2 protein chains.
Amino acid sequence: MQTPTLRDVAEAAGVHAATASRALNPATRGLVNVDTARRVIKVADSLGYRPNPIARGLKTARSGTVGVVIPDLTNPLFPPIARGIERGLEAAGYSALLVNTDNDSGRERAQVESLLSRQVEGLIVATALVEHPLLEELHRRGVPMVMVHRRPDGFEVPSILPDDAAGVRLAVEHLAALGHRRIAHLAGPTTTSTGVVRARAFHSAVRDLGLDADPSLTTTCALWSEESGAVALRRLLDGGADLTAVVAGNDLIALGCYDVFTERGIECPADISVVGFNDMPFLDKLRPPLTTVAIPHHEIGTEAARLLLDAIGDPTRPSRSVLFPLSLVVRGSTAAPARG
Amino acid sequence: MQTPTLRDVAEAAGVHAATASRALNPATRGLVNVDTARRVIKVADSLGYRPNPIARGLKTARSGTVGVVIPDLTNPLFPPIARGIERGLEAAGYSALLVNTDNDSGRERAQVESLLSRQVEGLIVATALVEHPLLEELHRRGVPMVMVHRRPDGFEVPSILPDDAAGVRLAVEHLAALGHRRIAHLAGPTTTSTGVVRARAFHSAVRDLGLDADPSLTTTCALWSEESGAVALRRLLDGGADLTAVVAGNDLIALGCYDVFTERGIECPADISVVGFNDMPFLDKLRPPLTTVAIPHHEIGTEAARLLLDAIGDPTRPSRSVLFPLSLVVRGSTAAPARG
DNA sequence: CCGGCGACTGCAACCGAGTGCATCCCGGGG
DNA sequence: CCCCGGGATGCACTCGGTTGCAGTCGCCGG
């Protein structure tokens, strides 16, 4: 026999399907006699009964799934978040439907439609793109959602993001403690909120700590990539910038610095120290291992799941956002400057 | 109004719901008058009608989703496969439900049950674990499935896996062409099929090319990890093995070699060349960049999707397995040996 | 002894789409 | 002129569970 249905259970227990349904559902179990309920439950799992979520969903308009929209699963940032989300959902019996958008807004729209038509009850969106339109529309349609790593502007959505500003400050403080005074910043693209926030945090940290706040020590990368990082550092160096340390917008940009170091025979950390951001995997395998700011991706994921479940449970609940503390992972790419 | 239903469309088009259903479904469209069909279709998309897959699934027992079982999404091997799978599915209108098992067979069982209860039509299993029982049971239950990166023994399931033997041969040939004759192999654990296959391939390649087939040049790692790799290489070196190159069971093991090189002041590639396996991300950032065998993960994913769709379409079709050709990515960790 | 209340349980109508079968209508052939 | 055939469409039931409502029964108080 195929998987038994509710009616099979009911029949085997000698009750009506409706009663069996109520007995099996903890929320309605109170409506049926304790003994009957017990009997039904026993029969149910002796038969190996598993309720069919499809059928249940048809009536209740609930599917037990949420959609997770990710720009690029191969970006090492996202898998830990995805796992965190799964973990956060599973306790509530929900599961996650993951989709990739490849940062293409057409694909994103299509994927989201597909999720919605599959009756996901909510969305966790981890996009870096600055495209409001789709998100805003979904928000208006009343689709419960949570944003990860990005706060939408213009409308209220619960979001959960790393405390980038505090992270940058940790990096700068670390370098300052080592004795660095002329610290450069290779900022991420200004088209991303992260890039802007980190750059701003860098400047105020430098100012607060009384370090040399020389505008010629800052430049912006066109992309979050190694090439852009290398280009940016070359630009600084060729401009004659006098620096002993670099705070990179993220790890990839820091990796670009490594390329320039090799190119020009610069020793790291002896000549220049570098701090990255994100703590990608395998950073400890580099020569030298990269000091970086670690983001608790997994926790961010579980928290996102929690927020979404809350929003699904009570759509009127005011949107609440969470800022996650970061930590500095000190490795071999930072040391005291060689010269004063 | 919420998303329109089939009945809304039917009413708006002035026909019965059944007719609308037939008109909208390409397979049954021939049963209805061409003009009626056209009209229904026009009304449907002017209303923005999207069939509800839940309802459809209830009747047809088809959900348009397949389950993808992955041991660990944070292992960089899997995300590209997952993307490939999604790509392969989307053309057919299917989507993927991803789950992590964390290599825990209890979790795996629970996750698979959850997938099954969500009416997935098939499973793509990318597990390294050697636990037949669950898989065999599913196979008996007639659940369509495809295995990735592993061939089950004992029963017939379509599987799709990289041609490890050919990959190892490429590596050995590359080293031989550079002039190496005493090549070591740090094999992966013998508990994994991959470990065994690669080791066997290594030996036959060495023999076929007439290189020094010294058994003291081979050893086995306890795990697929850097630590195990380092331990293994130390064992070889301490045993006085005379070698000029290493073929590592995978990239992590190769990374372990790097640690030993630093430890003992060995220059790579001047003193010893190393070849990895898998082409993990960011290998090109290492010092020196690691030469490795690349696996076309994405293609493997799309192919897995295709096989599964085939199996779903025709469950009686004999199981067919695919071996994927690999390629060698030559970087800086291999060079001609310093001495003969 | 009867009315009534409350605890259980059964009935039946859904949810939204798919589908076997009956029906209807129209044209053509006998 | 009638009947037959077949294309087009509608009816009604089904998938598996949920749920409002109604009915049953036992028990208590008046």
Side-chain angles (χ1 to χ4, degrees), chain A residues 1-41 43-45 47-65 93 116-121, chain B residues 1-41 43-45 47-65 93 116-121:
Chain A
M1 160 178 52
Q2 281 312 59
T3 58
T5 79
L6 182 60
R7 271 169 249 284
D8 296 331
V9 174
E11 193 169 347
V15 298
H16 191 270
T19 306
S21 168
R22 285 188 272 254
L24 260 13
N25 185 335
T28 50
R29 187 165 304 156
L31 296 174
V32 356
N33 180 294
V34 192
D35 291 331
T36 315
R38 227 194 305 273
R39 179 160 39 97
V40 170
I41 291 171
V43 170
D45 62 35
L47 252 49
Y49 169 72
R50 320 268 331 157
N52 178 336
I54 305 269
R56 191 208 307 272
L58 184 55
K59 177 69 176 183
T60 59
R62 314 181 67 248
S63 60
T65 53
L116 256 25
S117 81
R118 291 203 150 69
Q119 308 295 118
V120 295
E121 295 178 41
Chain B
M1 159 179 52
Q2 283 309 61
T3 58
T5 79
L6 182 60
R7 269 168 253 286
D8 297 329
V9 174
E11 195 170 345
V15 297
H16 190 271
T19 307
S21 168
R22 286 188 271 255
L24 261 13
N25 185 334
T28 50
R29 188 167 301 157
L31 295 174
V32 358
N33 181 293
V34 192
D35 292 330
T36 316
R38 229 194 307 270
R39 180 160 40 97
V40 170
I41 291 171
V43 170
D45 62 35
L47 252 50
Y49 169 72
R50 320 268 331 156
N52 179 335
I54 305 270
R56 194 210 302 273
L58 183 54
K59 178 66 181 187
T60 59
R62 314 181 64 245
S63 61
T65 53
L116 256 25
S117 81
R118 290 204 151 70
Q119 309 295 119
V120 296
E121 297 179 38

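A, B, ... follow the sequence lines: proteins, then strands. Residue 1 opens every chain. Computed from a prediction, not measured in an experiment: that's the story for all the values here.
- The side chain of A/Thr60 places no N or O atom within less than 4.0 Å of a non-bridging phosphate oxygen (OP1 or OP2) of D/dG17.
- A close approach under 4.0 Å does not occur between any side-chain nitrogen or oxygen of B/Thr36 and OP1 or OP2 of D/dA8.
- If you check residues 10-18 of chain A against DNA chain C, the residues with a heavy atom closer than 4.0 Å are A/Val15, A/His16, A/Ala18, listed by number.
- In this structure, B/Arg39 places its CZ atom where more than 12 heavy-atom neighbours from other residues, nucleotides or ligands lie under 6.0 Å away.
- Across all non-hydrogen atoms, the minimal contact from A/Ile41 to A/Leu24 is CG1-CD1, 3.8 Å.
- Shown here for A/Leu6 and A/Ala17, the closest heavy-atom pair between the two residues is CD2-O, 3.7 Å.
- Annotation: proximity of residues 19-33 of chain B to DNA chain C (heavy atom, distance under 4.0 Å) is found for B/Ser21, B/Arg22, numbered in ascending order.
- No donor-acceptor pair under 3.5 Å is formed between the side chain of B/Ser117 and the backbone N or O of A/Arg50.
- Between the B/Arg29 side chain and the B/Arg22 main chain, no donor and acceptor come within less than 3.5 Å of each other.
- Side-chain atoms of A/Glu121 come within 3.5 Å of backbone atoms of A/Gly64 as a donor-acceptor pair (strictly under, hydrogens ignored).
- Between B/Lys59 and B/Arg39, it is B/Arg39 whose nearest contact on DNA chain D lies nearer the 5' terminus.
- A/Leu6 comes within contact range of at least one nucleobase, with a heavy-atom separation under 4.0 Å.
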